[in-house]
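Values below: every heavy atom of this structure, side chains too, minus hydrogens, waters and symmetry copies.
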Amino acid sequence: KGIVTHHAPLVHFIEWHTRQHCLTRDDRFSLLSGLGHDPVYRDVFTPLSIGATVMIAAQSTVINPAALAAWLDDNAISIIHLTPPLGRLIETGAKLAGSRFDDLRYLFWGGDALSEALYKQICVIAPNARSVNFYGTTETPQAMAFHPVDPQADNSRIPLGKGIDGAQ
């Protein structure tokens, strides 16, 4: 399906996202979703707008948990936009390889409900990373709501969050 829209919401989101999460040119973003996936605009233009690096994994790497974990580690990825199924692949690969992702600063979740169990498993393999739950529709290929996951809170039901600046 195709969605016709203008670029202003994307520009607004990128400006908010980089400011809200202190993203910098030193960050190394992974592009793990397919180019036909609607959040690709966010995943590509956010790092490029701040002069950061975008690392693109081969499809054969993305579907192989051990290879994906090694790729994330070898490339010192600091920012990942991902879905919970992709998070499970990463967690499985990290367990197989005995990996720990100390360079990872942020995991931006979307596309499906983030479970408390997966969140806790990811915290073990990425102890320095903060998880943020994003929500947006196809018509807004970026997030319009967000929720920083608090490790001290009851995360049995992780909310969609509140609107980003300028959204409700």
Side-chain angles (χ1 to χ4, degrees), residues 9-10 12-24 26-34 37-43 46-47 50 52 57 62-63 65-66 68-73 75-168:
L10 179 62
H12 174 73
F13 171 80
I14 290 170
E15 289 172 352
W16 169 84
H17 188 29
T18 57
R19 184 179 64 252
Q20 176 72 30
H21 300 106
C22 301
L23 306 178
T24 73
D26 296 327
D27 281 311
R28 297 175 62 82
F29 289 70
S30 65
L31 177 59
L32 301 175
S33 62
H37 190 234
D38 54 324
V40 74
Y41 297 113
R42 170 201 66 207
D43 297 349
T46 300
I50 58 174
V62 175
I63 62 173
L68 180 56
W71 182 86
L72 292 168
D73 195 33
N75 288 288
I77 299 299
S78 60
I79 308 292
I80 302 176
H81 291 101
L82 73 168
T83 62
L86 184 56
R88 282 190 285 283
L89 276 178
I90 292 169
E91 194 269 336
T92 298
K95 283 196 325 197
L96 290 171
S99 299
R100 193 173 119 146
F101 307 113
D102 292 322
D103 293 313
L104 198 51
R105 291 192 329 114
Y106 275 105
L107 293 140
F108 295 107
W109 300 90
D112 203 352
L114 174 60
S115 71
E116 180 181 33
L118 178 58
Y119 170 69
K120 287 180 176 180
Q121 291 166 336
I122 290 293
C123 287
V124 171
I125 62 168
N128 302 323
R130 297 191 62 207
S131 283
V132 178
N133 202 30
F134 273 171
Y135 176 76
T137 62
T138 297
E139 292 78 12
T140 60
Q142 64 286 337
M144 295 307 290
F146 77 108
H147 174 77
V149 182
D150 179 354
Q152 306 305 317
D154 173 10
N155 289 307
S156 57
R157 293 183 60 109
I158 298 172
L160 296 176
K162 62 180 182 175
I164 68 169
D165 292 350
Q168 40 177 295

Any donor-acceptor pair under 3.5 Å from H81 side chain to F29 backbone: no

H17 ring center within less than 6.0 Å of F134 ring center: yes

Taking every non-hydrogen atom, the tightest pair across L107 and A129: CD1-CB, 3.8 Å

Nearest heavy atoms of I50 and T24, plus distance in Å: CD1-O, 3.5 Å

Greater than 12 external heavy atoms within 6.0 Å of R19's CZ: yes

Sub-4.5 Å side-chain heavy-atom contact between R105 and N128: no

Kindly list each side-chain donor-acceptor pair under 3.5 angstrom involving residues 91-103, sequence neighbours excluded, with atom names and distances?
{"unit_1": "T92", "atom_1": "OG1", "unit_2": "R88", "atom_2": "O", "d": "2.9"}
{"unit_1": "R100", "atom_1": "NE", "unit_2": "D102", "atom_2": "OD1", "d": "2.8"}
{"unit_1": "R100", "atom_1": "NH2", "unit_2": "D102", "atom_2": "OD1", "d": "3.0"}

Side-chain touch L89/I63, heavy atoms, less than 4.5 angstrom: no

Minimum-distance pair of heavy atoms, taken over all atoms of A113 and P84: O-CG, 3.4 Å

Interatomic spacing from CG in L10 to CD in E15 - rounded to 0.5 Å: 10.0 Å

For Y119, ring pair (Phe, Tyr, Trp, His ring centres under 6.0 Å) partners two or more places apart: none

Shortest non-hydrogen separation from S78 to D27 and the atoms involved: OG-OD1, 2.9 Å

pair W109-V149: side-chain heavy atoms closer than 4.5 Å: no

CG on L82 to CD1 on I122, rounded to 0.5 Å: 7.0 Å

Close side-chain approach of L32 and L68, heavy atoms under 4.5 Å: yes

Atom pair NZ/CG of K162 and L160 - distance to nearest 0.5 Å: 14.5 Å

Which residues share a ring pair (Phe, Tyr, Trp, His ring centres under 6.0 Å) with W16, sequence neighbours left out: F13, H21, F146

Between CG on residue L114 and CG on residue N155, distance to nearest 0.5 Å: 8.5 Å

L104 side chain reached by I80 side chain, heavy atoms, under 4.5 Å: yes

Heavy-atom check, side chain of T46 versus side chain of F108, under 4.5 Å: no

Nearest-0.5 Å distance, CD1 of residue I79 to CG of residue L31: 14.0 Å

Check: S30 main-chain N/O paired with D43 side-chain donor or acceptor under 3.5 Å: no

Min side-chain heavy-atom separation I77-W71 under 4.5 Å: yes

Passing candidate, side-chain contact (heavy atoms from CB on, under 4.5 Å) with R130, options C123, P151, P148: P148

